[in-house]
Amino acid sequence: MKLDALLAQVGKSRAQPVPPVEKWQPAFSGDMDIVIRADGSWWHEGVKFERLELVNLFASILRHEQGEYFLVTPVEKWRIQVQDRPLFVSLVQAQADEISLLTTTNDALVLGAEHPLRLSQVQGVAVAEVRVRHDLWARFTRNAWYDLLECANETADGRFIVRSLGVVFELDCWH
């Protein structure tokens, strides 16, 4: 399925802006009993969020700073708990010199200088993640990682790379 078609189904376009949380500087409001578990599920007071629209709304006002996560509005700043990464890349689509990504919370982005790819270690295993905005990173789901590997090319010296928007990213997880 094409990324633009999928976004149209969920009522969003690539150009739809997210709130400018990086510009908002409210005073700390306290802790909110929201936990984003390592599997990407959102929980409030021990109850799983069932409404995806609410998860997407909260994800759009999420900010990461100094190792902590906050839900931020122009007048409030609530700290929440995140077990691993709050966002996950679920869809990868390559066309020409562009690798488009979609997160489980409907963030649409294109791998490149603004949205770089990096590999990090989780329990001794290399996992891919991409910067969604500011210091907010999304892990690739297993299926999305395999889709990204399908976009890779092997270099003459045996490294695996992907290219998007003129930027080369190394997938050197086996060396």
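Computation of the quantities below employed the complete heavy-atom set of this structure, encompassing side-chain atoms and omitting hydrogens, waters and symmetry-equivalent molecules. Please read these numbers as outputs of a predicted model, since none were measured by experiment.
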Do [X] and [Y] have side chains that approach each other closer than 4.5 Å (heavy atoms only, starting at C-beta)?
X: V92; Y: F140; answer: yes
X: L102; Y: V89; answer: no
X: S120; Y: V127; answer: yes
X: N153; Y: T155; answer: no
X: L87; Y: T104; answer: no
X: Q81; Y: I36; answer: no
X: L171; Y: I161; answer: no
X: L165; Y: V110; answer: yes

Between [X] and [Y], is there a shared hydrophobic cluster once you connect ILVMFWY residues whose side-chain heavy atoms come closer than 4.5 Å?
X: V82; Y: F88; value: no
X: I99; Y: F160; value: yes
X: V168; Y: V162; value: no
X: F70; Y: V132; value: yes
X: V35; Y: I80; value: no

Problem - Side-chain donor-acceptor contact under 3.5 Å, T141 with N143 - result: no
Handout entry: Test: D84 and R139 ion pair at under 4.0 Å
Key = yes
Practice task
Could you tell me whether E129 and R85 have a side-chain N and a carboxylate O separated by less than 4.0 Å?
Solution key: yes
List the atom of [X], the atom of [Y], and the distance in Å for their closest heavy-atom pair.
X: A128; Y: L117; answer: CB-CD1, 3.9 Å
X: V21; Y: L62; answer: CG2-O, 4.0 Å
X: P19; Y: S60; answer: CD-O, 3.5 Å
X: L136; Y: P86; answer: CD1-CG, 3.8 Å
X: H44; Y: I34; answer: CD2-CG1, 3.6 Å
X: A144; Y: L91; answer: CB-N, 4.4 Å

Practice task
Please answer whether the main-chain N or O of D135 pairs with a side-chain N or O of H64 as donor and acceptor at a distance below 3.5 Å.
Solution key: yes
Practice task
Ignoring hydrogens and angles, tell me if any N or O in the side chain of Q25 forms a donor-acceptor pair with the backbone of E22 under 3.5 Å.
Solution key: yes
Handout entry: With sequence neighbours excluded, residues passing ring pair (Phe, Tyr, Trp, His ring centres under 6.0 Å) with F58
Key = F49
Problem - Pairs meeting criterion salt bridge (charged side-chain N to carboxylate O under 4.0 Å, His left out) with involvement of residues 25-38, two or more places apart - result: D31-R79
Handout entry: Q83, CD atom: more than 12 neighbouring heavy atoms under 6.0 Å
Key = yes
Problem - More than 12 heavy atoms of other groups within 6.0 Å of R131 CZ - result: yes
Would you compute the distance between atom [atom1] of [X] and atom [atom2] of [Y] and round it to the nearest 0.5 angstrom?
X: E53; Y: T105; atom1: CD; atom2: OG1; value: 13.0 Å
X: L101; Y: S164; atom1: CG; atom2: OG; value: 7.5 Å
X: M32; Y: E45; atom1: CE; atom2: CD; value: 9.5 Å

Atom pairs and distances, donor-acceptor, side-chain atoms in residues 71-78, under 3.5 Å, two or more places apart:
from	atom 1	to	atom 2	distance (Å)
T73	OG1	V75	N	3.2
T73	OG1	E76	N	2.9
E76	OE2	W78	NE1	3.4
K77	NZ	E65	OE2	2.4

Handout entry: side chain to side chain contact (heavy atoms under 4.5 Å, CB included) between V167 and L111, intermediate numbers included
Key = CA-CA 8 Å; V167 181; L111 196 62; over 6 Å; no
